[in-house]
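As the structure is a prediction and not an experimental result, all values here were calculated from the model.
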Amino acid sequence: MKIAFFSESQINGEISRTFENARTEYAWMMALNAVHYNINYKPTQTFDLGIIIIPKNNPQVDLKLYRKFCKKVAVMQEGPHWYFQDYTI
């Protein structure tokens, strides 16, 4: 299964297991052998699953864009746990 994560991070590509800033979201990428792209990047390949980490400062993300190159789309939230109550997806 080809998995890609999208977030505000500027890292594009695979996350090395020796990455020194391996917070939780990076650990997920490593464990799933997923690639990571900046949220503004539009890949030329397709993925079975795209996981979008919703930005703290700009939670309005157009999921239609990611559905063009990901068969399934899921979201993770970064920041306060009440985002799901304040914003629509």
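- Checked by atom type and distance alone, the side chain of N12 pairs as donor or acceptor with a backbone atom of N38 at under 3.5 Å.
- Annotation: salt bridge (Lys or Arg N to Asp or Glu O under 4.0 Å) contacts involving residues 30-42, sequence neighbours excluded, are absent.
- Here the side chains of F5 and L32 are in contact, with some heavy-atom distance below 4.5 Å.
- Ring planes of Y66 and F69: perpendicular class, angle over 60° (limits at 30 and 60°).
- Going from atom NZ of K72 over to atom CD1 of I51 covers 13.0 Å, rounded to the nearest 0.5 Å.
- Taking both residues in full, the closest heavy atoms of G50 and C70 are given as CA-SG, 3.6 Å, listed atom of the first, atom of the second, then distance.
- When all heavy atoms of I39 and I53 are compared, the pair lying nearest together is CD1-O, 4.1 Å.
- Of the inter-residue distances, the one linking D62 atom CG with I52 atom CD1 reads 10.0 Å to the nearest 0.5 angstrom.
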TODO: Might you work through the side chain to side chain contact (heavy atoms under 4.5 Å, CB included) test for V75 and V61, ending with a clear yes or no?
DONE: CA-CA 10 Å; V75 296; V61 175; over 6 Å; no

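- The side-chain heavy atoms of S7 and E25, taken from C-beta on, include no pair separated by under 4.5 Å.
- Not counting sequence neighbours, the partners of K2 by the side chain to side chain contact (heavy atoms under 4.5 Å, CB included) test are Q45, F47, D48.
- H36 pairs in a side chain to side chain contact (heavy atoms under 4.5 Å, CB included) with only one of the listed residues (E14, Q10, M29), which is M29.
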